[in-house]
Amino acid sequence: MKIKPGVPAPGMRDRMGPTFDERRGVEYRQLRAASLVNRLNARPLPFGWTANPYRGCEMACRYCFARYTHEFLGHNESEAFERRIYVKLTDPGSLVAELKRARRSGLLVALGTATDPYQPAESKFEVTRRVLEGAVKVPGVRLSITTKSTLVRRDLVLLQEIAARSEIAVNFSITTLDEALARRLEPRAPRPDLRFEAMRALAAGGILTRLFIMPVLPRLTDGETNLRALLVRAREAGAQIAESNVLFLRPGTRETFFEFLRAEFPELVPEYERLYAGSAYARRDYVGEVEARVRRLSAEVGFAARRRDDRPVDTPSPRQLALVW
Ligand code: SF4
């Protein structure tokens, strides 16, 4: 879709409501969502449906690939993605109907594919919690959640209720154990050790958890020591699977990330320019090198690691279809 800079995309303006809360310099605005659970028509992916309760994300990761999504709301400044958070309004009845549609398809609903469903806004607005409450009413629905937040612990009991009759997994995105580096890369995300504690609590509660080393950042987090430490900690915390993916710099993110590099790690700019010359993807030889490293370390640690792209394309499973009624 072609969008004019600074102008909401067609159909979007009517859905955008007023600012209804403000805290710590962040504005929260309403966004009426036609549906919260949406069928994916893109290329085959490991999930068939997505649910993103919020637009924008206060955690402000410098590498966040979803920054461009704010352009559809008429916001072109990078800061707006972190400071103007849209909260999707939906009615519980429609949500359950949407989840039933997803269940009928037998395909996985991925919660948090663009923005974090447990970002700070969730502690107040609880849209993600409402999705989970809806999922409890739709046994047999298949769900995955991806987050950097420890707030997911709040919903352990709900997750257990879902796990008793449906499929659910929680993916923890953790890129480094270096607290100072994490603070620079992911300024308002919880500390990495706290994310591992949350992973441990969920795994101990019987929830399937995965480590997502996403993204792996060249020369910042791609070293053997860091990758091994992440895998070891995840193994100890009870994660069952580890996945990784090298940084992707799509337009919108590329500018923000290079600005960050120039300010914080100027010595790395030439190397990133070389690795990402004319492409959103890193050079293939570099990606191959990192993948081989993660594979080897994962095997040593006892994980069956895979790249994000190695996840099987989601197809309805006969077991799940049998649960549809
Ligand atoms: S937590 Fe996820 S969605 Fe939020 S800014 Fe970071 S990468 Fe983006």
Side-chain angles (χ1 to χ4, degrees), residues 23-29 31 36 38 47 50-73 75 77-88 110-125 127-128 131 144-154 170-176 178-179 181-196 198-199 209-218 220-221 230 243-261 264 280 308:
R23 279 179 293 165
R24 305 179 302 270
V26 180
E27 283 176 34
Y28 300 97
R29 298 183 175 186
L31 186 68
L36 196 48
N38 294 298
F47 41 85
T50 61
N52 289 291
Y54 304 97
R55 277 205 179 219
C57 184
E58 210 176 317
M59 302 231 210
C61 304
R62 299 304 174 213
Y63 51 71
C64 180
F65 87 97
R67 289 177 178 275
Y68 77 99
T69 58
H70 248 42
E71 292 171 16
F72 293 94
L73 299 163
H75 302 308
E77 339 73 78
S78 185
E79 276 257 302
F81 178 81
E82 307 157 14
R83 298 284 169 194
R84 279 188 203 136
I85 308 299
Y86 286 80
V87 181
K88 291 193 187 166
L111 191 50
T113 49
T115 58
D116 200 303
Y118 284 101
Q119 60 175 287
E122 172 61 15
S123 61
K124 174 141 186 161
F125 304 112
V127 186
T128 299
V131 176
S144 74
I145 299 173
T146 301
T147 186
K148 281 190 169 71
S149 178
T150 53
L151 182 59
V152 62
R153 291 180 73 163
R154 178 199 67 187
V170 177
N171 311 315
F172 283 91
S173 161
I174 313 175
T175 57
T176 177
D178 179 336
E179 208 181 294
L181 179 60
R183 189 54 61 227
R184 291 161 92 178
L185 292 168
E186 306 156 351
R188 289 187 282 281
R191 290 194 333 244
D193 59 317
L194 299 178
R195 287 181 240 170
F196 277 114
M199 178 188 275
T209 60
R210 302 187 186 108
L211 169 67
F212 273 13
I213 312 177
M214 295 184 198
V216 176
L217 295 137
L220 285 169
T221 65
L230 288 171
E243 292 186 18
S244 66
N245 213 39
V246 170
L247 177 69
F248 168 64
L249 286 177
R250 62 166 302 141
T253 297
R254 188 185 181 97
E255 298 76 6
T256 305
F257 191 74
F258 267 94
E259 197 181 310
F260 160 76
L261 277 184
E264 303 266 343
R308 188 184 58 178

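Whatever order the structure lists them in is the order used to number ligands and atoms, beginning at 1. As a basis for the values below, the full set of heavy atoms in this structure was taken, side chains included, without hydrogen atoms, waters or symmetry mates. Numbers here simply count residues along the sequence, with the first being 1.
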Quiz prompt | Atoms of ligand 1, numbered as shown, that sit under 4.0 Å from any heavy atom of A114 | solution =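 Near A114, the atoms of ligand 1 are 3 (S).
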Quiz item: Taking the side chain from Q119 and the backbone from G56, do they hold a donor-acceptor pair closer than 3.5 Å?
Solution: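 Yes; at least one donor-acceptor contact below 3.5 Å.
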Practice problem: Using 2.8 Å as the cut-off, note every protein N, O or S atom close to atom 6 (Fe) of ligand 1. | Solution: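 Counting only protein N, O or S atoms under 2.8 Å from atom 6 (Fe) of ligand 1, the list reads C61 SG.
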Quiz item: Looking at side-chain heavy atoms only, is the closest gap between F172 and V152 below 4.5 Å?
Solution: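 Yes, side chains in contact.
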Practice problem: Could you tell me whether the side chain of C61 reaches within less than 4.5 Å of the side chain of K148, counting heavy atoms only? | Solution: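 Contact flag for K148/C61 side chains = yes.
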Quiz prompt | E264/R62 salt bridge by N-O under 4.0 Å criterion | solution =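 Salt bridge: no.
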Quiz item: Salt bridge between R188 and E58, side-chain N to carboxylate O under 4.0 Å?
Solution: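 No.
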Quiz item: Under 3.5 Å, is there a donor-acceptor pair linking the side chains of D116 and T147?
Solution: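 Their side chains do contain a donor-acceptor pair, which is all the 3.5 Å distance test asks for.
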